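Below: the structure, in structure tokens.
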Amino acid sequence: DTEVTQTPKHLVMGMTNKKSLKCEQHMGHRAMYWYKQKAKKPPELMFVYSYEKLSINESVPSRFSPECPNSSLLNLHLHALQPEDSALYLCASSKIQAWEQYFGPGTRLTVT
Amino acid sequence: GENVEQHPSTLSVQEGDSAVIKCTYSDSASNYFPWYKQELGKRPQLIIDIRSNVGEKKDQRIAVTLNKTAKHFSLHITETQPEDSAVYFCAASPYNQGGKLIFGQGTELSVKP
């Protein structure tokens, strides 16, 4: 398997909801990333996990909570989001940090 | 911190022509420069990359050149086809920052048949 997969493809949630985004890869990569992308803008890095440990947090608000349960799986837990958090959330993975990053298809999130 | 500027923001070419997109970076310690292609509604797709110990890299119709002294790198697409139409992002990865990618603002390439 040479792909990064993400579920769900689309998510609509209210500001009081709790939801989770899921990312999976079976390429044996040991670094995984969460990015946020607004329309017509480049991806912005949120978090980096290396060997299942949080390596980088780009000062992301605590309403976003990442989790890496194992080397293949990355979750992003969402709670009390704001409408401005509506965006495409992309997961990426690489063999190790600082190597080529491969993106998943993203989850299109709408916060109402 | 690193800053990447990308030009032009839009580029329209006739099918068969060449297209060139340029990026400049600010941090001389950056050592990895990937290019991503993102079609509408799709994921960013890594199309080519170059490391700072190499000046040029080619893969079929696409090539990337790097000038470390001037701190700029460019994407060259030859014999463009309508399926090359997409947004292209350059990025720079500062040395020893955990693989962090700093992206340019993107170039929307349109190839007219």
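Since the structure is predicted, the reported quantities are computational estimates derived from the model, not experimental observations. Chain letters run A, B, ... following the sequence lines, proteins first, then strands; residues in each count from 1.
Residues of residues 39-46 of chain A that come within less than 4.5 angstrom of chain B, heavy atom to heavy atom, are A:K40, A:K41, A:P42, A:P43, A:L45 in numerical order. For a heavy-atom cut-off of 4.5 Å, chain A lies close to B:Q97, B:G98, B:G99, B:K100, B:L101, B:F103, B:G104, B:Q105, B:E108 in residues 90-112 of chain B.
There is no path of hydrophobic side-chain contacts, each under 4.5 Å, that joins B:V20 to B:L75. Taken together through direct or relayed side-chain contacts under 4.5 Å among Ile, Leu, Val, Met, Phe, Trp and Tyr, B:Y88 and B:I48 form part of one hydrophobic cluster. Tracing side-chain contacts under 4.5 Å through hydrophobic residues (I, L, V, M, F, W, Y), one never reaches A:Y102 starting from B:I47; they form parts of separate clusters. Both A:M13 and A:W34 are part of a single hydrophobic cluster, where members link through side-chain heavy atoms under 4.5 Å apart. Taken together through direct or relayed side-chain contacts under 4.5 Å among Ile, Leu, Val, Met, Phe, Trp and Tyr, B:V54 and B:V64 form part of one hydrophobic cluster.
Summarising the local packing, CZ of A:R108 is surrounded by 12 or fewer heavy atoms from other residues, nucleotides or ligands at distances under 6.0 Å. The number of heavy atoms from other shown groups lying within 6.0 Å of CD (B:E79) does not exceed 12. More than 12 heavy atoms of other residues, nucleotides or ligands shown are found within 6.0 angstrom of NZ on A:K38. No more than 12 heavy atoms of other residues, nucleotides or ligands sit less than 6.0 Å from atom CD of B:Q60.
In this structure, the portions of B:P44 lying under 4.5 Å from any heavy atom of chain A include both its backbone and its side chain.
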Test log, rule side-chain contact (heavy atoms from CB on, under 4.5 Å), inputs A:Q6 and B:R43 = CA-CA 11 Å; A:Q6 289 187 244; B:R43 72 186 79 195; over 6 Å; no

